[in-house]
Structures are given as structure tokens and as C-alpha cells.
Amino acid sequence: MNSIGIRLYKITLQTGARREEADLSNAGIDTYSLINRFLVQRANAMDINDRQRTWHVERREADGRFIRGVFKYGHYGYQADLIDGATSENRYRRQSTDVEVIPLYYSFWIPNRGNIGIAAFQSFQGKSCIDIVASDLMHYFSNLHHESKLLIRKTMPSSGDAALLNQQVKRLVWTKKNQSADTADELRNLPITEFDVEMTFKAKRRGRFGSLRDVLRELQDVTERSTFVYQGVEFEQGCAEVLIGNKLQKVGVFGFHSNAGVIDITDQVQIVDGHPLFESIVPVVDGLTADMFTELTT
């Protein structure tokens with residue numbers, strides 16, 4: 001199963017020559033309406049030619065102080081053979097102008113009053129349009145409001161406003177995905193062709209691995225090379241369980257897609273054709289948004 005990740009961002013507004021933090025809805029700028037208009041105007045494909053990427057807003061729903069929807073994000077610029085996984089037959093020769101497009105969930109929450117909003121962006125197998133969309137949105141804002149600045153910053157490590165770095169870690173989970181049953185003699189006769197390997201490191205009794213900051217610092221070399229080798233087994237993804245609100249969440253600490261700070265929600269959503277069902281991801285991300293807002297404001 002493909003991993004479904006969510007990264008949360010803190011939205012703030014700075015105004016005036018001193019760049020003081022301002023109310024998102026009461027500084028002569030209606031941030032909620034501005035973001036909504038931005039998304040409406042991005043319904044048509046936006047090509048980023050120098051990066052061979054394209055994206056557009058496929059779905060947008062304004063609900064209370066939430067704006068939720070789906071981006072369609074793709075990349076092009078290379079040829080490849082598409083092969084039938086069951087028969088190994090070549091089904092199609094992908095051309096360099098073909099665009100592989102995937103759906104990615106997003107949400108923006110802007111309070112009626114207050115100076116902190118929360119944005120959530122989905123990643124899929126390391127693919128994400130976070131940087132492209134956030135950069136475009138901030139540029140759109142600056143063109144309309146020259147004296148103010150909209151900031152969209154990470155709430156989780158590896159960089160940005162790392163709100164949860166001091167959370168204590170009791171459990172670490174390393175993962176190696178999509179292993180063939182043929183690699184394990186004892187499993188060959190079971191009705192399974194592939195499986196994921198998970199290794200759990202759990203501190204005993206009242207022990208802890210330290211804070212999330214400690215874990216990330218210790219794994220810095222692993223993050224740079226993207227794999228962790230333990231007793232001869234190479235793991236390509238690792239998570240630490242930390243408390244967000246009142247619920248333990250798996251937060252990435254290393255991975256092949258630089259997933260430090262990405263919250264793994266794979267087990268919390270319904271997957272259809274490899275992607276999360278919209279109706280199932282909405283309440284999960286809404287809950288994460290509320291919990292993160294509490295962490296940032298208390």
C-alpha cells in the first residue's frame with residue numbers, strides 16, 4: 001500500500017514596515033477570501049516549464065472557515081515503458097510530453113479572529129506540490145498587498161516553525177515496503193505476494209528516546225542518505241510517534257522522499273485505487289488541523 005502523508009503549515013500575516021504579525025481577518029485584508037479567489041483562479045493547468053511540472057485545482061469546497069479540495073499534480077519530460085505488473089508485458093511507451101497526474105488533497109483553515117491559520121497538504125509516494133502552490137500563493141498575495149507579507153511555514157521539522165520538537169518519543173517504527181514473499185522461505189506457501197517489513201523500537205517502562213529534536217539530530221546522517229541499516233536490513237522510511245493534541249501520530253524522521261515532519265495517515269483513511277477517498281481524509285485532516293492549532297496557541 002502506498003503511504004499517504006500530510007504536512008501541516010502555519011499561515012501568518014505580517015504588515016507594516018516593522019512586519020508585525022497581524023490578525024488574518026482584521027487588518028484590512030481578508031485572508032480567507034483571498035485564498036479562495038486564488039484557488040478559483042487556478043482551476044486551469046499551471047505549467048512550470050523549467051521544472052517540467054503542472055498543477056491545477058480540480059476540486060474546491062468552502063465550508064465555514066475551511067477551504068478543502070484536491071490538486072491535480074503531474075510531471076513530464078521523460079520517456080518510459082509502462083509494463084503490466086502481472087505479465088511483464090509492455091503496455092505503453094510513455095512519451096516525454098505525457099503527464100503523469102495524481103490527486104493530492106489540500107485544506108486551508110483561517111479563523112474569524114486570530115493571527116494563525118493552518119494549511120494541510122498531502123504527499124503521495126514522495127510526490128507533492130507544496131512548494132509550488134505555496135510559492136504561487138505568496139506571490140499572488142504580494143502582488144495585491146505590497147506593504148504586507150503572507151507567510152506559509154512548516155509546523156514540523158526538519159525546518160520552519162517546529163512546534164512539536166520538544167515532544168517526547170517512546171516508539172520508533174522503521175519500514176521497508178513492498179517485499180516479495182519469495183524472499184522469505186517460510187512465507188512462500190501462503191496466499192501473499194508482497195508485504196511490508198516493520199521494525200519497532202519501543203522504550204521500556206518509563207524510558208524515552210528523548211525529544212523529537214533529539215531523535216532528528218541523532219538521525220541527521222540517515223536523513224541525508226535516506227536509508228537506515230539495522231542488522232543487515234536496509235529500511236527506507238522511519239517514523240517517531242509523538243502526541244499531537246490527544247492522539248499519537250506517526251511523524252516521519254527519515255525517508256526516501258525527505259519525509260521528516262510528514263504525518264503518516266495511511267491507516268486512518270480509506271484507500272481507493274491507491275488514493276485516499278475524499279470523504280475519509282476530510283475528518284482526519286480537520287482533526288489534525290484543530291490539534292495543531294491547539295499546540296501552536298497554548
List in chain and number order the residues that pass ring pair (Phe, Tyr, Trp, His ring centres under 6.0 Å) with [X], two or more places apart in sequence or in another chain; answer none if no residue qualifies.
X    : answer
Y92  : none
Y105 : F278
H145 : F141
Y9   : F121

Members sharing V272's hydrophobic cluster, built from side-chain contacts under 4.5 Å between Ile, Leu, Val, Met, Phe, Trp and Tyr, are L277

- Message: Which residues end up grouped with I83 if you chain together Ile, Leu, Val, Met, Phe, Trp and Tyr wherever their side-chain heavy atoms are less than 4.5 Å apart?
- Response: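 Listed partners: none, I83 stands alone.
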
Counting distance only, does the side-chain N/O of [X] pair as donor-acceptor with the main-chain N or O of [Y] below 3.5 Å?
X    : Y    : value
K10  : I116 : no
S128 : S123 : no
T266 : I4   : yes
S25  : D30  : no

TODO: Kindly state whether the ring of Y73 and the ring of W55 have centres lying under 6.0 angstrom apart.
DONE: no

- Query: For the residue pair H275 and F124, is the inter-centroid distance of their aromatic rings smaller than 6.0 Å?
  - Reply: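 Yes, ring centres under 6.0 Å apart.
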
Partners of [X] by side chain to side chain donor-acceptor pair (under 3.5 Å), sequence neighbours excluded?
X    : value
R37  : none
Q95  : Q79
E198 : none

Are [X] and [Y] close enough for a salt bridge, meaning some N to O gap below 4.0 Å?
X    : Y    : answer
K247 : D291 : no
K72  : E58  : yes
R91  : E89  : no

Quick check: closest heavy atoms across [X] and [Y], and the distance to 0.1 Å?
X    : Y    : answer
P276 : V269 : CB-CG2, 4.0 Å
L39  : V57  : O-CG2, 3.6 Å
I263 : I244 : CD1-CD1, 3.7 Å
F209 : F201 : CE1-O, 3.4 Å
H56  : A43  : CD2-O, 3.5 Å
L24  : G117 : CD1-N, 3.3 Å

The criterion is salt bridge (Lys or Arg N to Asp or Glu O under 4.0 Å); which residues satisfy it with [X], sequence neighbours excluded?
X    : answer
D214 : R217
K170 : none
D136 : R42

Ignoring hydrogens and geometry beyond distance, is a side-chain donor-acceptor pair present between Y32 and R65 at under 3.5 Å?
no

Regarding Q249 and Q268, do their side chains bring together a donor and an acceptor under 3.5 Å, going by distance alone?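 Note: Q249 and Q268 side chains meet the donor-acceptor criterion.
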
Option passing side chain to side chain contact (heavy atoms under 4.5 Å, CB included) with T289 (candidates I118, T294, V284, I6):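 With T289 as partner, side chain to side chain contact (heavy atoms under 4.5 Å, CB included) holds for just one option, I118.
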
